[in-house]
Protein chains: 4
Amino acid sequence: MGNDEQSETHAEIMEATYRALCEHGYASLTMQNIADELEKSKGLLHYHFDSKEELLIAFIDYLLSEFEQDIASIEGPPDKKLDEFIERFVVVADAGDRQALHLALLELRAQSPFNDRFREHLARSDTIVRDTVAEIVRDGITQGVFRADAEPEVVAQLVLASMDGARTRGLTIGDETYPAAVSEALNKYVIDDILVKTNE
Amino acid sequence: MGNDEQSETHAEIMEATYRALCEHGYASLTMQNIADELEKSKGLLHYHFDSKEELLIAFIDYLLSEFEQDIASIEGPPDKKLDEFIERFVVVADAGDRQALHLALLELRAQSPFNDRFREHLARSDTIVRDTVAEIVRDGITQGVFRADAEPEVVAQLVLASMDGARTRGLTIGDETYPAAVSEALNKYVIDDILVKTNE
Amino acid sequence: MGNDEQSETHAEIMEATYRALCEHGYASLTMQNIADELEKSKGLLHYHFDSKEELLIAFIDYLLSEFEQDIASIEGPPDKKLDEFIERFVVVADAGDRQALHLALLELRAQSPFNDRFREHLARSDTIVRDTVAEIVRDGITQGVFRADAEPEVVAQLVLASMDGARTRGLTIGDETYPAAVSEALNKYVIDDILVKTNE
Amino acid sequence: MGNDEQSETHAEIMEATYRALCEHGYASLTMQNIADELEKSKGLLHYHFDSKEELLIAFIDYLLSEFEQDIASIEGPPDKKLDEFIERFVVVADAGDRQALHLALLELRAQSPFNDRFREHLARSDTIVRDTVAEIVRDGITQGVFRADAEPEVVAQLVLASMDGARTRGLTIGDETYPAAVSEALNKYVIDDILVKTNE
DNA sequence: GATGAATGAGTGTTCATTCAT
DNA sequence: AATGAATGAACACTCATTCAT
């Protein structure tokens, strides 16, 4: 059976933390909030995690591994993968839920300058995601769908930054169309530029 | 303009709040922190503001008006103004301080989904800033330095989003070069595209 | 005015701590107990002391300084002073109160192996008290009331140890006559031995 | 005698309790501490004892019976037995361990004013030990090694009190030589006095 | 016998807020 | 305007105890 036992309650706590974080926000998140979402006692949380910080570190890892799995599952030719990647970052469909996920991440990020461990765990994932995008661009160049002078690392940074910022600003003004609008702009002003035009 | 009496202590409290926020972060910000920075008592804060929230709302306005004044002070031809705008957003020189300002803003933004008043005040400013950038682009088109098919609103959104995201990701991984790198990418992949090429 | 301000509330907290300690014992002593005795809120205790430990350290100092003042006030010729010292240690009269004081001290002592700061503060006082007793014996030898071969330090140790132990055992079996009995034994088997016999 | 089944696990729990008590002290002693020392689960402790208090009562009995057996095993002529008794109370050799035992006892004693059952169990033992010492003195008088005017009960009280107090003060100031010093003083100022001098 | 999950009451501590001065 | 004392609710965390397995 292995040590998959970590899964049962551990996973439920992570999900409860997710819901609690979405509902109350990081600054107001309490162990009681999480316990309420879990419909278990506060004590149980401390039975499984030494402290709130420990629980949140575990939560960061949970959140990021979910996210990493998600983007790793993207298939297809490089240009389609890049589109799909942006699409998933933006999320038109299940707006509510994934928006909440990115908000949760944003809040944790906003805390990272004050918490070394948060920063370390978040940074690791940031690098992975950026490398993934850069790799897509690199594959695209190799396969001839992206122009040879496109810089994979730079494009990756710009794509990620603009999508991140779009979400942040979307949250700020409560305008859910913001990410989609930036996604379009990104396609028009950036992606289009690096695409090899077949008939021009 | 208005009751200038507001100026003296009020301004000092805003500055103290700024320092306290930079040092402790939103989630750990206490009235005592602010009072300590002010070198006055906690009670005084409540004499001037009915509650912590009220003080923070006032702080958002203070922060944004500072920011709005800053970008309003940019002079020169549209393409230079856009460069300068990005430059100030990025800040190469006084990294420490302005970085802190943007972090403070980010934290407040991360809270806005949980606080209607935060959101309203932040949204107002967001719109102003975006309109300012769009106006610069519009002027640039009129003056013939930007291509006629550039969309002012869309470019403004993309510029702001990518700069915002760059800072956020810079904070996440504690990499101060991130915003500068994205700034360059922005110039190369976006601004360059909409510039009217004089001799080509 | 001076910094005697420490006196007002500080003293009341010390007294409340004393009463709470007597009533509940160290192991069950809570900040709430102390607050209840003080008839003030728990928060106030933390306004005056950073932590429970800090409060207890202050309490040790308070207790010991009271005690040191008490024994320093003993007057008269050396042999009478020694008697009076033992008498006060034993206390026949106001049994209840002083017994409680010594119990409080005993509890704190029992904790000292687990708390460096407790130990340091208690040790300082222990030394002072022992030196005081030794000094009495030394004076007695000089003045010819104690035999020249009496060892001041050794006698002081024996006197203090037996009185301390008497109280401890008195507490153990709830027998209030124990200290008095040991006091007598001490006089008969120790003090008598070192007294210079005038006509024998 | 009785249900010998008690022996196996029961004894192991007692020993674990002893170690846990030595390491953490009474005030910080938890069922988890004991379970850790036992290398078994907390639940098991409650299987064997209805409550923590019940376990501690059993522990007092265990501790005292060990102690009583120890002093009962002393052999030889009365004056040697008295010396040996003091020696064992003091313990020069295995300082660490027996010191811990007496500390454990002291802590439990310090609790006895707040716990009737503790007090009763401790008092019973106190009486037994005191009677044992008094009996030694009485035997000594009968056998002519102690002076006829020595009062067995009084001497026993004084010996026990001073040794107890010596240990307490030794713990207080972290001075391990204290008990030995008092032991010497006891011999010189008390035991010597009641010894029948053969050539004088 | 023995465990691990789970609970709930209680702990020290924090903090926005109030108020007399 | 300004303070320091004081409060009360809430917080993270602890722990003896229970119970299904």
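Residue numbers begin at 1 in each chain, while the letters A, B, ... track the order of the sequences.
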- Item | Distance-only polar pair, side chains of C/Gln32 and C/Asp36, donor-acceptor under 3.5 Å |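 C/Asp36 and C/Gln32 do have a side-chain donor-acceptor pair below 3.5 Å.
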Tell me the interatomic distance from [X], atom [atom1], to [N], atom [atom2], rounded to whole angstroms.
X	N	atom1	atom2	result
D/Glu53	F/dC15	CD	P	18 Å
A/His46	E/dG10	NE2	C1'	14 Å
D/Phe49	E/dA2	CZ	P	13 Å
A/Leu55	F/dA12	CG	C1'	12 Å
B/Tyr26	E/dA16	OH	C1'	13 Å
A/Leu56	F/dC13	CG	P	10 Å
B/Leu45	E/dC15	CG	P	14 Å
B/Glu54	E/dT17	CD	C1'	14 Å

Pairwise side-chain contact, [X] with [Y], heavy-atom cut-off 4.5 Å (strictly under):
X	Y	result
D/Glu23	D/Asn33	no
A/Glu12	A/Leu38	yes
C/Leu105	C/Leu122	yes
C/His121	C/Leu56	no
D/Glu54	D/Arg117	yes
B/Glu53	B/Asn115	yes

- Message: If you assign A/Ser51 and D/Gln32 each to the DNA chain F nucleotide with the nearest heavy atom, which residue ends up on the more 5' nucleotide?
- Response: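 The residue mapped nearer the 5' terminus is A/Ser51.
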- Query: For DNA chain F, whose closest nucleotide is more 5', that of A/Met31 or that of C/Glu39?
  - Reply: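 The residue whose closest nucleotide sits nearer the 5' end is C/Glu39.
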- Task: Just do the side chain to side chain contact (heavy atoms under 4.5 Å, CB included) check on A/Ile13 and A/Phe49 with the steps written out, would you?
- Result: CA-CA 10 Å; A/Ile13 293 177; A/Phe49 295 93; 3.8 Å; yes
- Base, sugar-phosphate, or nothing: which does B/Leu38 touch, judged by heavy atoms less than 4.0 Å apart?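 Touches nothing.
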- Query: At under 4.0 Å between heavy atoms, what does D/Ile34 touch on the DNA or RNA strands: base, sugar-phosphate, or nothing?
  - Reply: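 Since no nucleic acid heavy atom lies under 4.0 Å of D/Ile34, the category is nothing.
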Check the interface with nucleotides 4-6 of chain F: list each N/O to N/O pair with the protein under 3.5 Å, or write none.
unit_1	atom_1	unit_2	atom_2	d
F/dA5	OP2	C/Tyr47	OH	2.2
F/dA5	N7	C/Tyr47	OH	3.4
F/dA6	OP2	C/His48	NE2	3.3

- Task: Specify the residue among C/Asp50 and C/Thr30 whose closest nucleotide of DNA chain E lies further upstream toward the 5′ end.
- Result: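 The answer here is C/Thr30.
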- Message: So that I can compare with my own list, what are the stems of DNA chain E, taken as at least three consecutive Watson-Crick or G-U pairs with distances under 3.5 Å?
- Response: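 Runs of three or more consecutive pairs: E:2-21 with F:2-21.
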- Query: Pick from A/Leu103, A/Leu106, A/Thr172: which one makes a side chain to side chain contact (heavy atoms under 4.5 Å, CB included) with B/Pro113?
  - Reply: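 Only one option passes, and that is A/Leu103.
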